[in-house]
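Written below as structure tokens is the structure these notes are about.
All heavy atoms count here, side chains included; hydrogens, waters and symmetry mates do not. Every chain is numbered from 1 and lettered A, B, ... according to where its sequence line falls, protein lines coming before strand lines.
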Amino acid sequence: MMWPLAVALAVLCAGVHRAQAQTLDGADIMALAEGFVLTADSRPKPDPSNRLAGNPDAEALGEQLFFDPGLSADGATSCATCHVTDGAFVPNESRRAGAERAFRTVMPVAGAAYQTFFTWDGGKDSLWSQALVPLEHPDEHGFSRTEIAAYVLDQYGTSIAALEAGLAEQADLLRGLPPASPIGTLAQRQAWDALDPATRDRVDALFVLTGKAIAAYEAALPPPLSTWDRLVAEAEGDPGRMPQDVLRGFTVFTGTGRCSTCHSGPLFSDGDFHNTGVPAVEGQPVDMGRQATVGPLRRSPFNCLGPHSDAAKSDCADLTYISMAMERTLGTFRTPSLRGVSLRGPFAHAGQLPTLRAVIDHYVTAPLGPHGRMIGVDTMSELVPLTMTEQQKADLIAFLETL
Amino acid sequence: MKILAIAAIGLTLGLSDLAAAEPVAGQAGQVFADLALDIAQVEVGAFIEVPFTLTDASGLPLTAASVTVSGGMAMHGHGLPTSPVVEDLGEGRYVIKGLKFSMGGDWQLRLTVTSGTVIDAVDFTFAL
């Protein structure tokens, strides 16, 4: 067949498909809704890079580490400090540590194991390697790597010995080390360089085990089932049993609003990275998003292909074939899950959009964003302006509030 | 109605199953690519490998060609979510590895082929 014809037909057929999305009948809309529902038995894929994933003893250790404020320089900062609000796994934005930390909003932990890349810019490719970052970050836990190794041996030596017998040996050698880290202050980096390679390896092994235990715990935290899940289940395919504003909002979400283009599936995320033209934070440099981290990720000793990973090379396709292309990285950020979205805020990677209504207005107006002019083009944003009535916006918010 | 009938044929032969389509000519007419990609079997977000063959303008296998893969979604202004690579299987047969489509919608895929004096680009467009 002639391909120019095929190209024309592709456009024609896709156009028909989109038009149909606007006029789905009741049965179709409920069938579509089923694709956005999480069930109690939903589980993320196992992480082959973490041999401790699914290990109950590691999960128990990880839970203790997650809630332990002693795992920090000030003795008052735990993972839970920013990832738990009022006893629930809801991001807590009340603590604005330093400027660098405040530059990004907190991401949810429950359900995070469904992702392939982690943090807003995808700078890590496993839950365990992500968990290591805040431990050493000066604006978060602020510990050095040697302090982490010594602390976990002191506090959790028995549990660590049960998981990795060799790691808990000769603990006294580690307790006497100065604060040292390859990414810390100048003094910490110099102290790290002064350590012999065998000691550095030992510290790294304990550091990695800490991250893998925390990740094992986090991976066992499913995203909570939502009002939306319940409504769709109870409707049993009958759209008349759904709250009509919620159903209309879902129609906007999957149609006019084009939200489901990226916020797809039961997690409401395609797991991919997009530039949506979000403005820079006033007084802050333009955030380069994934472009700033994709190179370091490929070089990181803690990535899927690195010496601390338990994965086979064939398990690391997402890293092996990662795109470095400008349009895939410049100012792009990971599509966040929308589960529990109404419980958190502000929105966007640095909290630039204070409310869900502000988010919707951003997508409707589709500003050019700050990244295009950096490379001499109009925009790098994928957004196109939308037409949406006030009623549609209200319905969309009603839908989002059920997630 | 004729347009709809043609559209249906096009959907069957050209869009839902690229493996059933005839080889596609490059922009310069120097290369023809036959892509074994069954769109109906493509799972969004999963890695796939796509075998293909290359022939020259006289219909002979194009061997030892250098082939790069690019593409994306024009409507969304972004390229492929990954950086696929092409492996040469010999005798004009090749395979794309590391290819993934991150969402439903209209996708474009381009094979840029270089072999001796032959330089051509073969484009595919399909909807997931």
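For a residue to count as touching a neighbouring chain, one of its non-hydrogen atoms must lie under 4.5 Å from one of that chain's; by this rule A:T261 touches chain B with backbone and side chain alike. With a threshold of 4.5 angstrom between heavy atoms, B:L99 does not approach chain A through any atom at all.
Ranking B:Q108, B:K100, B:K97 against chain A, the residue ahead of the rest is B:K97, based on heavy-atom pairs under 4.5 Å.
With sequence neighbours left out, A:H371 forms a ring pair (Phe, Tyr, Trp, His ring centres under 6.0 Å) with no residue at all.
Contact annotation: the side chain of B:M103 approaches that of A:C262 to within less than 4.5 Å [non-hydrogen atoms, C-beta and beyond].
When the shell of 6.0 Å around CD of B:E91 is examined, it contains 12 or fewer heavy atoms from other residues, nucleotides or ligands.
Listed in order of number, the residues of residues 313-328 of chain A that approach chain B to under 4.5 Å between heavy atoms are A:A317, A:D318, A:Y321, A:I322, A:S323, A:M324, A:E327, A:R328.
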